[in-house]
Asks: 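Questions regarding the structure given below will be posed in turn.
Both counts, for ligands and for their atoms, begin at 1 and track the order of listing. Atom set for the values below is all heavy atoms of this structure, side chains included, hydrogens, waters and symmetry mates excluded.
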Amino acid sequence: MRENEILHWFGTDPFEAGRELMKASGQWQNWGRDELIGLKPNLVVAKKASSGATTHPAFVAGAISFLQEKGFRRIQILEGSWVGDSTKRAFKVCGYNKLSDKYDVPLIDLQKNSSVVMESTNGEYRICSSVLQLDRLINMPVLKGHCQTSLTCALKNLKGCIPDSEKRRYHRMGLHQPIADLNEIVRADLILVDGLEGDPDYEEGGNPVRMNLFFAGTDPVLIDSYAAGLLGLQPEEVAYIGKAAALGIGSQLSDETKLRYLNKGEAVEGIQRSVAAYRLKEIVREDGACSACYASLMRALSFLEKEDNFPSAPVHIGQGYRGTQVSGVGIGICLKGADSYAKGCPPEAAEIYRFFKDGS
Ligand code: SF4
């Protein structure tokens with residue numbers, strides 16, 4: 001397929017979607033049958049795909065079954081869940097252990113992988129060794145929202161290819177630039193997006209919205225600028241898209257983009273994010289917060305919002321506040337220096353909820 005193309009497959013069958021998009025992409029035609037192919041789903045947390053957080057195993061199975069039929073035998077599935085969860089648990093809960101057995105495809109836990117320092121235009125980054133050893137990479141993100149970056153799709157999904165220590169560092173660096181830089185180092189040969197029922201608000205799911213859409217491309221900047229529109233966002237609202245374009249990683253959606261449809265259906269546009277997701281930005285003072293910490297805050301605020309108890313004073317969160325005195329309230333152990341703070345690292349949503357509700 002051409003770089004300025006996006007292929008679509010509509011429906012509710014992830015297996016068929018994986019097969020059809022893989023086949024129609026034609027990318028595999030130039031790959032050697034002995035090449036090592038890695039599939040990188042999004043298993044950020046140990047939650048089933050129906051939660052809206054993770055890539056459907058059947059979507060990955062569809063791609064694998066097509067590749068195996070074409071004679072590719074060296075296939076792996078690679079992932080490193082977020083710092084607050086274990087990839088091993090995610091593989092099991094998300095149905096990837098069964099998938100691995102059925103297709104005889106190994107699962108590579110990148111949280112346990114060694115890493116290598118690589119150069120980008122803007123500095124050095126550690127990348128998991130197994131990712132660097134691949135001949136071909138197929139990026140298989142979920143189309144969903146993210147409480148800090150608003151969107152997570154192709155570009156951000158590669159954050160699972162770095163060690164946990166780097167994930168924490170990315171957050172201290174503000175996420176957007178390191179995500180763009182990472183994509184300069186790790187380039188996928190094909191991107192297959194699971195848009196069946198992602199959560200438009202949170203990367204950890206809980207509020208799945210049916211979109212019944214799967215799409216594919218080779219340019220992660222194009223895919224993400226298109227994905228942003230599907231979630232009702234302007235690409236400028238997701239800073240890493242522009243930063244990746246500036247690095248020459250790809251081109252944003254334009255009149256040159258060719259939208260190709262493999263079957264009949266309708267694209268869903270402007271899916272509504274929740275009120276809490278919007279209001280959050282008004283009160284949160286974030287400086288390098290870890291994903292799990294921020295997600296707990298989001299969840300607690302959703303409950304408080306429903307009870308009409310949404311806090312009005314600024315809420316501080318993030319590693320950048322460590323060791324500083326903060327006037328006001330904070331979230332997590334990093335905010336020990338605040339007037340009061342919700343304990344934990346990362347704190348549980350229930351803990352944060354209690355903190356706001358009872359002041360305990
Ligand atoms: S308390 Fe600090 S280090 Fe712990 S999860 Fe939150 S932001 Fe990260």
Asks: Measure from the side-chain N and O atoms of Asn139 to the backbone N and O of Ala188, and report whether any donor-acceptor pair falls under 3.5 Å.
Replies: no
Asks: Looking at non-hydrogen atoms alone, which of Cys293, Gly318, Gly332, Gly288 comes nearest to atom 5 (S) of ligand 1?
Replies: Cys293
Asks: What protein heavy atom is closest to atom 4 (Fe) of ligand 1, reported as residue, atom name and distance in Å?
Replies: Cys345 SG, 2.4 Å
Asks: Where the side chain of Trp28 meets the backbone of Leu67, is there a donor-acceptor pair that is under 3.5 Å apart?
Replies: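 Not a single qualifying donor-acceptor pair exists.
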Asks: Mark up the atoms of ligand 1 that fall under 4.0 Å of a heavy atom belonging to Arg322, in ascending order.
Replies: 3 (S)
Asks: Between Lys98 and Asp101 (salt bridge meaning N to carboxylate O under 4.0 Å), is one present in this structure?
Replies: no
Asks: I need the atoms of ligand 1 closer than 4.0 Å to a non-hydrogen atom of Pro346, numbered in the order shown.
Replies: 5 (S)
Asks: Against Leu7, only a single residue in Val193, Leu259, Leu21, Leu192 fulfils side chain to side chain contact (heavy atoms under 4.5 Å, CB included); can you say which?
Replies: Leu21
Asks: Just need the protein heavy atom nearest to atom 2 (Fe) of ligand 1, so name the residue and atom and give the distance.
Replies: Cys334 SG, 2.3 Å
Asks: For the pair Phe303 and Tyr353, name the ring-plane relationship: parallel under 30°, tilted 30 to 60°, perpendicular over 60°.
Replies: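 Ring orientation, 0 to 90° scale: perpendicular.
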Asks: Please state which protein non-hydrogen atom is closest to atom 7 (S) of ligand 1 and give its distance, to 0.1 Å?
Replies: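 For atom 7 (S) of ligand 1, the nearest protein heavy atom comes out as Cys290 N, 3.6 Å.
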Asks: Could you tell me whether a side-chain N or O of Glu166 sits under 3.5 Å from a main-chain N or O of Pro163, the two making a donor and an acceptor?
Replies: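 Such a contact is absent between Glu166 side chain and Pro163 backbone.
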Asks: Identify, for atom 1 (S) of ligand 1, the protein heavy atom at the shortest distance, and state residue, atom and that distance.
Replies: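 The answer is Ile333 N, 3.5 Å.
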